[in-house]
Amino acid sequence: MEHEDTAGKLYHIRYPYADGSGHVVVATTRPETMLGDTAVAVHPDDERYSHLKTIGIKLPLTDRTIPVVYDHHVEREFGTGALKVTPSHDRNDYEIGLRHNLERLKVMDDSGIMNDAASPYAGLDRFACRKQIVADLEAQGFLEKIEEYAHAVGQCYRCKTVVEPTTSLQWFVSVKPLAAQAVAAVRDGRTAIHPKTWYNTFYAWMDNIRDWCISRQIWWGHQIPAWTCDACSHFMVEEHAPGSCEKCGSAKLTQETDVLDTWFSSALWPFSTLGWPDDTKELKLFYPTSVLITSFDILFFWVARMMMMGIHIMGEVPFKDVYLHALVRDKHGKKMSKSTGNVIDPLVVMAEYGTDALRFTLTAFAAQGREIKLAEERIEGYRHFINKIWNAARFALMHIKECDPAISKDIDPAALPLAHRWILHRLNQAITETRQALDDYRFNDAASTIYQFVWNEFCDWYLEWIKSDLYGDNATAKAQSQAVLLAVLENVLKLLHPITPFVTEEIWHVLPGERTSIMVEAFPTPNPAWDDGEAAELAALFMGIVGGIRNIRSEAMIHPSAEIEVLIVCHDETKHAGLTSLAGSLKTLTRTGTMAVQKEGTRPKGAASYLYTDIEIFVPLAGLVDVDKEQAKLKKDQDKTEAELARCQGKLANEKFMANAPEEIKAKEREKVAEMEAKLEKIKAGMARLAELR
RNA sequence: GGGCGAAUAGCUCAGCUGGGAGAGCAUCGGCCUUACAAGCCGAGGGUCACAGGUUCGAUCCCUGUUUCGCCCACCA
């Protein structure tokens with residue numbers, strides 16, 4: 001059942017006092033239910049109606065006289081402050097009826113047809129009856145007015161038929177004691193919920209739980225094991241059909257035709273699927289299980305109930321961890337449903353973008369709190385990523401296809417050039433971060449870690465960096481590159497395999513050597529021998545310099561294929577040495593013909609520049625340099641640096657900061673100040689030099 | 001009405017216990033450079049909804065406001 005706001009009508013009806021001395025006006029959206037009215041309710045403190053206690057109301061269109069009851073549920077301000085009470089066809093009225101011991105009069109049957117109690121309207125459909133009632137009320141002068149009225153109408157979630165509340169006999173489970181057990185299990189950590197934002201919701205639901213109606217009037221389900229004696233109407237609930245009534249001994253018993261609520265049956269799933277109630281091997285092995293993964297929208301319906309049943313029947317929680325993933329919605333944020341027709345069919349998406357792309361997308365979206373708006377553009381983006389892996393593998397295979405697969409096994413990083421030491425170091429970090437993310441159920445972080453490593457580091461930097469070795473004729477350099485390339489690729493494939501099984505399996509089999517499925521490979525573990533902080537530091541410097549040179553090229557509109565000349569001025573001894581050793585790589589990655597790395601030097605005439613920390617990069621442009629543009633660039637850099645410097649100095653000058661901030665933060669600020677000051681000096685010198693050249 | 005959650009770049013979203021704001025897509029400029037134009041290189045873009053408070057310091061913690069979403073209850 002779902003509620004939908006509907007434009008309806010509010011009928012105001014005059015109910016005459018039984019002594020004919022006046023009338024009260026009541027309002028209803030369903031006038032046909034008046035036939036089932038067994039009272040009129042008013043607020044106990046409402047003096048307008050205090051005199052009606054002994055008089056009563058004459059119910060229009062009938063010959064019945066109904067009492068006036070006094071109940072706090074009635075709002076004095078709504079309408080006339082008088083409420084017609086139909087205990088059999090309204091939930092609140094039912095409650096009022098209980099409080100005042102009112103008669104319950106059902107006036108329509110389960111098909112929505114008015115019954116004999118509604119005579120003379122018996123046999124009419126409820127809506128036809130409504131028309132007739134309104135016409136009759138009008139004709140007899142009982143209708144005060146009709147208003148347009150928007151209200152929520154309960155209707156069937158599938159066929160949209162308006163649902164009428166009515167009373168019926170149903171089976172209930174007193175669920176509070178079970179809920180308390182489940183709450184205790186979560187509170188003391190026997191079951192953990194991820195992400196933890198759901199704890200609040202879980203507790204809120206469980207603490208306010210109401211008795212659970214478990215009977216359903218449908219065909220498909222577990223039949224309720226209850227029998228009624230035909231002779232004395234005695235109820236029996238038994239595991240097996242009883243032979244005779246335990247009360248009167250009659251053998252004529254009828255089993256309850258209602259079936260159990262789906263969630264009742266589903267709540268048994270953790271053990272009923274393992275052979276319970278027999279004490280099976282499977283039950284011993286798999287109960288309790290480690291983790292349950294499901295969507296948050298059934299945390300209450302399913303998860304909580306499995307816990308209640310599991311604790312009650314098995315004496316132990318059914319699972320240790322619950323991972324709640326988001327719910328996929330359409331791109332407008334609407335819940336997908338078959339009846340609405342806004343379902344994105346995974347098969348169609350997979351056919352268009354690839355299964356791995358869809359899997360990667362869903363993994364990358366896993367962090368979102370409650371809903372995933374599945375936009376196809378995102379899937380498309382990740383298809384590009386799958387494609388990128390494929391192409392990177394193709395490139396690698398060009399160079400390692402004929403290699404001995406053992407080359408990736410015993411790599412001694414100490415003997416390797418920077419590129420390899422750096423990528424192995426980064427691979428280690430990627431492995432560590434990915435494992436941690438998976439352990440913490442942060443699947444999106446795992447996906448993003450691998451994505452960034454593969455695309456931004458492995459492809460964009462490492463492959464470009466080692467190309468010259470792979471294509472060159474230095475046998476040692478080539479062999480080293482092949483070995484590390486294979487090692488990194490193997491690890492990348494294994495890291496990716498749980499998310500993108502198809503492309504990784506495919507590539508795995510074309511790698512050199514005899515290989516069984518990647519599925520049986522162990523998930524990568526970090527290799528401590530690959531950790532190399534120094535390499536990471538030097539690589540960062542290297543990349544910064546490459547970035548600087550590329551920036552100059554781009555801003556000066558130098559054609560990518562044109563060779564340039566570069567002068568790097570770096571007076572730090574260590575950095576100077578590092579850059580000198582990397583000059584070859586710097587040249588390849590920036591299309592530089594001649595490169596000089598000096599400890600001292602100034603801007604050559606007509607050179608464009610870039611400042612990376614306090615290292616100056618100059619590229620002579622054969623007089624083509626735009627001095628104004630260069631000045632503007634330096635000015636912008638200066639403003640930014642000065643602002644940042646002022647901020648840091650402000651902090652360090654603040655006594656309270658110095659008194660309260662942790663030492664490492666203070667050290668960091670001091671470091672920044674030194675860095676900024678050095679940079680500013682360079683900028684000022686650069687601007688002065690530029691002015692001379694004008 | 002009660003509860004929960006969200007508000008960060010044009011869009012879709014990350015940002016773990018407070019310490020110099022990130023990604024993808026989109027945009028702008030340049031490139032078919034022998035893995036990949038589904039690509040490469042470079043660049044621009046955000047008073048982290050608003051107002052207070054706590055703190056040396058707030059996107060992050062607290063209070064209030066606004067807008068949106070979900071759940072529960074209900075609307076005679």
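Within every chain, numbering begins at 1; the chains are lettered A, B, ... in the order of the sequence lines, protein sequences first and strands thereafter.
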Atom P, compared across B:A9 and B:A35: separation rounded to whole Å: 39 Å
Within 45° cone and under 6.0 Å: A:Lys388 NZ/CZ vs A:Tyr382 ring: no
Touch class at under 4.0 angstrom, heavy-atom based, for A:Ser448 against every strand present: nothing
Expected output: side-chain A:His12 to main-chain A:Leu143 donor-acceptor under 3.5 Å: no
Sugar-phosphate or base contact per nucleotide [nucleotides 33-43 of chain B; S, B, -; heavy atom under 4.0 Å]: B-BB-BSSSSS
Sugar-phosphate only, base, or nothing, as touched by A:Val85 at under 4.0 Å among non-hydrogen atoms: nothing
Nearest heavy-atom neighbours spanning A:Tyr11 and A:Val134: CE2-CG2, 3.6 Å
Nucleotide B:C75, atom P - distance to NZ of A:Lys84 in whole Å: 12 Å
Sugar-phosphate, base or nothing in reach of A:Asn92, heavy atoms under 4.0 Å: sugar-phosphate
Distance between C1' atoms of B:A14 and B:C60 (Å, rounded): 14 Å
Integer angstrom distance from the C1' of B:U54 to that of B:C61: 8 Å
Which residues share a ring-ring contact (aromatic ring centres under 6.0 Å, His included) with A:His23, sequence neighbours left out: none
Qualifying residues under salt bridge (charged side-chain N to carboxylate O under 4.0 Å, His left out), relative to A:Glu144, sequence neighbours excluded: A:Arg14
Distance, rounded to the nearest Å, where A:Asp440 contributes CG and B:C16 contributes P: 13 Å
Partners passing salt bridge (charged side-chain N to carboxylate O under 4.0 Å, His left out) against A:Arg442 (at least two apart in sequence or in another chain): A:Asp440, A:Asp445
Show me, pair by pair, the donor-acceptor contacts under 3.5 angstrom made by side chains of residues 656-663 of chain A, not counting sequence neighbours?
{"from": "A:Asn660", "atom 1": "ND2", "to": "A:Lys656", "atom 2": "O", "distance (Å)": "2.9"}

By side chain to side chain donor-acceptor pair (under 3.5 Å) - contacts of A:Trp263 (at least two apart): none
Distance, C1' atom - from B:G10 to B:C28, rounded to whole angstrom: 14 Å
Value in whole Å for how far the P atom of B:U12 lies from OH of A:Tyr382: 15 Å
Whole-Å distance separating the CD atom of A:Glu380 from the P atom of B:U12: 17 Å
Any residue meeting salt bridge (charged side-chain N to carboxylate O under 4.0 Å, His left out) with A:Arg426, in chain and number order, not counting sequence neighbours: A:Glu457
Residue list, side chain to side chain donor-acceptor pair (under 3.5 Å) with A:Tyr94, at least two apart or on another chain: none
Touch class at under 4.0 angstrom, heavy-atom based, for A:Leu10 against every strand present: sugar-phosphate
Same-atom distance (C1') from B:A51 to B:G44, integer angstrom: 32 Å
With sequence neighbours excluded, residues passing side-chain contact (heavy atoms from CB on, under 4.5 Å) with A:Lys587: A:Thr592, A:Met595
Carboxylate-amine/guanidinium proximity below 4.0 Å for A:Glu147 and A:Lys145: yes
Euclidean distance, atom CG of residue A:Leu299 to atom C1' of B:C70 [Å, nearest integer]: 13 Å
Sugar-phosphate only, base, or nothing, as touched by A:Arg91 at under 4.0 Å among non-hydrogen atoms: sugar-phosphate
P gap between B:G5 and B:C48, integer Å: 24 Å
Between B:C50 and B:U34 - P atom distance, rounded Å: 49 Å
Spacing of the P atoms in B:C75 and B:G19 (rounded, Å): 49 Å
Contacts of type salt bridge (charged side-chain N to carboxylate O under 4.0 Å, His left out), residue A:Lys672, not counting sequence neighbours: A:Glu669
Atom-pair distance (CZ on A:Phe202; C1' on B:C71), nearest Å: 15 Å
Table of protein N/O atoms under 3.5 Å from nucleotides 19-23 of chain B N/O atoms:
{"from": "B:G20", "atom 1": "N2", "to": "A:Glu644", "atom 2": "OE2", "distance (Å)": "3.4"}
{"from": "B:G20", "atom 1": "N3", "to": "A:Glu644", "atom 2": "OE2", "distance (Å)": "3.2"}

Watson-Crick or G-U stems involving RNA chain B, each at least 3 pairs long, distances under 3.5 Å, ordered by first number: B:1-7 with B:66-72, B:10-13 with B:22-25, B:27-31 with B:39-43, B:49-53 with B:61-65
